[in-house]
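Below you'll find the structure, written out as structure tokens, and then a few comments.
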Amino acid sequence: MPYEYETDGAAIYAQSFATIRAEAELDRFDAEEEQVVVRMIHAAGLVGLERDVKVATGMVRAAREALTNGAPIFCDAFMVSEGVTRKRLPADNDVICTLRDPEVPDLAAKLKTTRSAAALELWRPRLEGALVAIGNAPTALFHLLEMLEDPACPRPAAIIGCPVGFVGARESKDALWEANPVPSLIVEGRLGGSAITVAAINAIASRAE
Ligand SMILES: C/C1=C2N=C(/C=C3N=C(/C(C)=C4\N[C@@](C)([C@@H]5N=C1[C@](C)(CCC(=O)O)[C@H]5CC(=O)O)[C@@](C)(CC(=O)O)[C@@H]4CCC(=O)O)[C@@](C)(CC(=O)O)[C@@H]\3CCC(=O)O)C(C)(C)[C@@H]/2CCC(=O)O
């Protein structure tokens, strides 16, 4: 039996974004933030997500400026780093996930933490002015906050903090929002994940061109 469905990629996107803009409550976001939140809703297929999104004033601008200036993007998981659309990046920016570095298992054992958290220790040399995207591991976000408590630790330009799940996700994002070490974007509560996070990166990169 023949199925009727849309096969034009551009038309699918246009229809999706029109649906989201018709159904979601986007009034509290400025134009730059709205573009990012729409893509996050799109990735999750979840109108209503916008109610849980918090964006610090100037976060989108700071992240875009960083990318335009050639900053790297550090990601906690390969599901995040692999999702970044390279052709959107304004300065052929490096997209880095250190999770599989051979040093990481020993570091995790030494620090008594997860591999996701320990992998962030390898970010230090290039962390200054970078865009950080945590889309999976709550322990990675907590570890980043611990690193940034040290005034000598290099500071990223902006943080996308959207780890997902039932253990530590809500708490790590609340801690990021409260500590406010640099302008951040979070999804409150258990919701989050790699797809939502990479959608935010791709939206930020799009207008930085
Ligand atoms: C406790 C962990 C959680 N993982 C989640 C959700 C997903 N994780 C996937 C995959 C493939 C990976 N998760 C690891 C990061 C792995 N996950 C953990 C850890 C045990 C601890 C992290 C933490 O609590 O902060 C973590 C291992 C570690 O030592 O750091 C991963 C590295 C495991 C591995 O394959 O070795 C791996 C990352 C792959 C990558 O690089 O992209 C899932 C696809 C689940 C699955 O495999 O079935 C899924 C993806 C979710 C997403 O959208 O990103 C939670 C829910 C975040 C959970 C932490 C909280 C909880 O409630 O349990």
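In this chain, residues are counted from 1 in sequence order. Whatever order the structure lists ligands and atoms in, that order sets their numbers, starting from 1.
For atom 25 (O) of ligand 1, the choice among Thr139, Ile196, Thr197 with the nearest heavy atom turns out to be Thr139.
Within ligand 1, the atoms closer than 4.0 Å to a non-hydrogen atom of Ala137 are 22 (C), 23 (C), 25 (O), numbered from 1 in the order shown. Annotation for ligand 1: atoms under 4.0 Å from non-hydrogen atoms of Gly165 are 56 (C), 62 (O). Near Gly135, meaning under 4.0 Å from one of its heavy atoms, ligand 1 places the atoms 54 (O). Residue Gly193 has at least one heavy-atom neighbour below 4.0 Å for each of these atoms of ligand 1: 52 (C), 53 (O).
Distance check for atom 58 (C) of ligand 1: every protein heavy atom is found at 4.0 Å or beyond. For atom 42 (O) of ligand 1, the nearest protein heavy atom lies under 4.0 Å away. Remark: atom 47 (O) of ligand 1 lies closer than 4.0 Å to no protein heavy atom. Using a 4.0 Å threshold on non-hydrogen atoms, atom 28 (C) of ligand 1 counts as touching the protein. Within a 4.0 Å radius of atom 9 (C) of ligand 1, the protein contributes at least one heavy atom. For atom 16 (C) of ligand 1, no protein non-hydrogen atom is found at a distance below 4.0 Å. Contact annotation for atom 19 (C) of ligand 1: protein absent (non-hydrogen atoms, distance under 4.0 Å).
Between Phe78 and ligand 1, at least one pair of N/O atoms sits closer than 3.5 Å. Checked against a 3.5 angstrom limit, the closest N/O atoms of Pro138 and ligand 1 fall inside it. In terms of polar-atom proximity, defined here as any N/O pair under 3.5 Å, Phe166 does make such a contact with ligand 1. For ligand 1, the polar-atom distance check against Met79 finds a nitrogen or oxygen pair separated by under 3.5 Å. For a threshold of 3.5 Å applied to N or O pairs, the pair formed by Leu99 and ligand 1 contains no separation below that value.
Side-chain atoms of Asn202 never come within 3.5 Å of backbone atoms of Ala200 as a donor-acceptor pair (strictly under, hydrogens ignored). Under a 3.5 Å cut-off, the side chain of Arg28 and the backbone N or O of Leu26 do not form any donor-acceptor pair. With Thr114 contributing its side chain and Ala117 its backbone, the two residues share a donor-acceptor pair below 3.5 Å. At distances below 3.5 Å, not a single donor-acceptor pair connects side-chain atoms of Asp76 with backbone N or O atoms of Ser116. At distances below 3.5 Å, at least one donor-acceptor pair connects side-chain atoms of Asn69 with backbone N or O atoms of Glu65. Counting only distance, with no hydrogens or angles, the side chain of Lys54 and the backbone of Trp177 share no donor-acceptor pair below 3.5 Å. At distances below 3.5 Å, not a single donor-acceptor pair connects side-chain atoms of Glu178 with backbone N or O atoms of Ala175. Distance alone, capped at 3.5 Å, is enough to place a donor-acceptor pair between the Glu50 side chain and the Gly48 backbone. Asp101 places a side-chain N or O within donor-acceptor distance of the main-chain N or O of Glu103, the cut-off being under 3.5 Å.
Scanning the protein heavy atoms around atom 26 (C) of ligand 1, the nearest turns out to be Ser116 OG, 3.8 Å. Scanning all protein heavy atoms for the shortest distance to atom 35 (O) of ligand 1 gives Arg115 NH2, 4.8 Å. Among protein heavy atoms, atom 55 (C) of ligand 1 sits closest to Val164 O, 3.9 Å. Protein heavy atom closest to atom 2 (C) of ligand 1, with residue, atom name and distance, is Asn136 OD1, 4.9 Å. Of the protein's non-hydrogen atoms, the one nearest atom 21 (C) of ligand 1 is Thr114 CG2, 3.7 Å. The protein heavy-atom contact nearest to atom 53 (O) of ligand 1 is Ser194 N, 2.8 Å.
Because its NZ or CZ atom is not both nearer than 6.0 Å to the ring centre of Phe166 and within 45° of the ring axis, Arg190 does not count as a cation-pi partner of that residue.
With Ile196 as the fixed residue, the side chain to side chain contact (heavy atoms under 4.5 Å, CB included) test singles out one of Leu49, Ile41, Val164, Ile160: Leu49.
To the nearest 0.5 Å, atom CG of residue Leu111 and atom CD of residue Glu121 are 5.5 Å apart. Rounding to the nearest 0.5 Å places CD of Glu128 at 8.5 Å from SG of Cys153.
Comment: Glu188 does not engage Arg170 in a salt bridge, judged by the lack of any side-chain N to carboxylate O separation of less than 4.0 angstrom.
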